[in-house]
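This report refers to the structure that appears directly beneath it.
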Amino acid sequence: MLNSMPPMLVCCLDLEGVLIPEIWIEVARRFKSDELKLTTRDIPDYDRLMKYRIGILKKKNIRLKDIQKVIAGMNPLPGAKAFLTALRAQATVIILSDTFYEFAGPLMKKLGQPVLFCNWLKTGRSGFISGYQLRQKDGKTKAVKALKSIGFRVHAAGDSYNDLGMLKAAGRGILFNPPLAIKNKFKRFPAVTQYAQLLRLLTASQ
Ligand SMILES: [Mg+2]
């Protein structure tokens, strides 16, 4: 008799706000810049937000290596590494982030080198960030749809506007520590604040 196996589970996680603090908030704090504190929570249009940030960095004479120094001193959120290790024991985990490989390296190491799909930065000869290169537009949503199309069951978790597409595309979408406005507006997604709850919801069969 043939056993029919359930499709393998892939969990897609947002990075900032779910596993690590918001990188730009930390950079803003270090360089004492209120202008750099805005995130996709404040300006949902990512391209507008990035162009604004690049302008502020130039104005304040902050180069890529200055930002990388700040990031090297950052740590994952308390409990994130243990959560991720527990999740990876039960499912394939892919981190889908709008951050950049030039930023994420040291934090990925601290999280145990999970798989990360994100974007690239462009820098000019003077070392200032001059632009960015998206792998593709709306990459989080497309990654979830692609995984489903090759036979995986996909659950996803995120905290912000840029995660809503992937949460909708996934078989199960969960909000983790979202701002109140998002939590109230998108009640179709369960919202949790603790890693134990998130682990349970991501891995529960029903
Ligand atoms: Mg986030």
Side-chain angles (χ1 to χ4, degrees), residues 13-84 95-114 116-124 126-134 139-140 157-164 166 174-186 191-195 198:
L13 302 178
D14 174 39
L15 180 61
E16 292 172 81
V18 175
L19 297 172
I20 66 169
E22 293 282 345
I23 289 174
W24 287 101
I25 300 270
E26 190 58 31
V27 169
R29 192 176 298 137
R30 273 303 187 85
F31 295 104
K32 296 184 172 40
S33 163
D34 282 340
E35 296 155 300
L36 287 176
K37 275 191 187 147
L38 303 187
T39 69
T40 46
R41 290 181 174 194
D42 309 293
I43 303 177
D45 182 334
Y46 185 71
D47 188 61
R48 226 185 91 210
L49 178 64
M50 275 306 296
K51 282 178 177 152
Y52 171 80
R53 283 168 171 164
I54 289 167
I56 302 292
L57 292 176
K58 276 201 185 123
K59 198 177 87 182
K60 294 195 165 285
N61 209 30
I62 301 169
R63 291 170 166 81
L64 174 61
K65 67 171 171 35
D66 303 316
I67 296 177
Q68 287 171 326
K69 251 180 243 164
V70 172
I71 295 169
M74 287 176 65
N75 283 304
L77 292 168
K81 171 79 189 294
F83 157 75
L84 194 57
I95 297 177
L96 303 178
S97 174
D98 283 340
T99 193
F100 307 99
Y101 289 110
E102 292 81 355
F103 282 2
L107 285 157
M108 287 301 107
K109 205 170 171 188
K110 289 172 187 172
L111 285 169
Q113 299 290 15
L116 168 69
F117 295 172
C118 67
N119 302 308
W120 294 269
L121 283 171
K122 296 176 184 168
T123 43
S126 51
F128 288 105
I129 298 169
S130 57
Y132 67 98
Q133 174 74 53
L134 294 185
K140 293 187 187 216
D159 74 325
S160 194
Y161 289 106
N162 60 338
D163 300 312
L164 295 172
M166 81 164 174
I174 304 151
L175 287 166
F176 184 70
N177 272 328
L180 205 57
I182 291 180
K183 184 183 165 180
N184 290 339
K185 198 169 163 195
F186 299 93
V192 297
T193 58
Q194 304 291 322
Y195 285 126
L198 184 59

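Hydrogens, waters and symmetry mates play no part in the numbers below; they use all other heavy atoms, side chains included.
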Completion exercise
Sorted by chain and residue number, the side-chain hydrogen bond (donor to acceptor under 3.5 Å, both in side chains) partners of D66 (sequence neighbours excluded) come out as none
Problem - Note, L77 side chain near P21 side chain (heavy atom, < 4.5 Å) - result: yes
Using atom types as modelled, flag every donor-acceptor pair under 3.5 Å from a side chain in residues 25-34 to any protein atom, sequence neighbours excluded.
residue : atom : partner : partner atom : Å
E26     : OE1  : R29     : NH1          : 2.7
S33     : OG   : E35     : N            : 3.4
S33     : OG   : L36     : N            : 3.2
D34     : OD1  : K37     : NZ           : 3.2

Practice task
Return yes if some donor-acceptor pair links the side-chain N/O of S97 with the main-chain N/O of C118 below 3.5 Å, else return no.
Solution key: no
Handout entry: L64 and F128: CA distance, side-chain angles, deciding distance, side-chain contact (heavy atoms from CB on, under 4.5 Å) verdict
Key = CA-CA 6 Å; L64 174 61; F128 288 105; over 6 Å; no
Practice task
For the residue pair L107 and L15, establish whether any side-chain heavy-atom pair is separated by less than 4.5 Å.
Solution key: no
Handout entry: Expected output: side-chain K140 to main-chain D14 donor-acceptor under 3.5 Å
Key = no
Problem - Heavy-atom closest pair, residues L111 and L84 - result: O-CD2, 3.7 Å
Practice task
Report the relative orientation of the aromatic rings in F103 and W24; use parallel for angles under 30°, tilted for 30 to 60°, perpendicular for over 60°.
Solution key: perpendicular
Practice task
Answer yes or no: is there a side-chain heavy-atom contact under 4.5 Å between K81 and N75?
Solution key: no
Problem - Plane angle bin for W120 and Y101 - parallel if under 30°, tilted between 30 and 60°, otherwise perpendicular - result: tilted
Problem - Y46/Y132 aromatic ring centres below 6.0 Å - result: yes
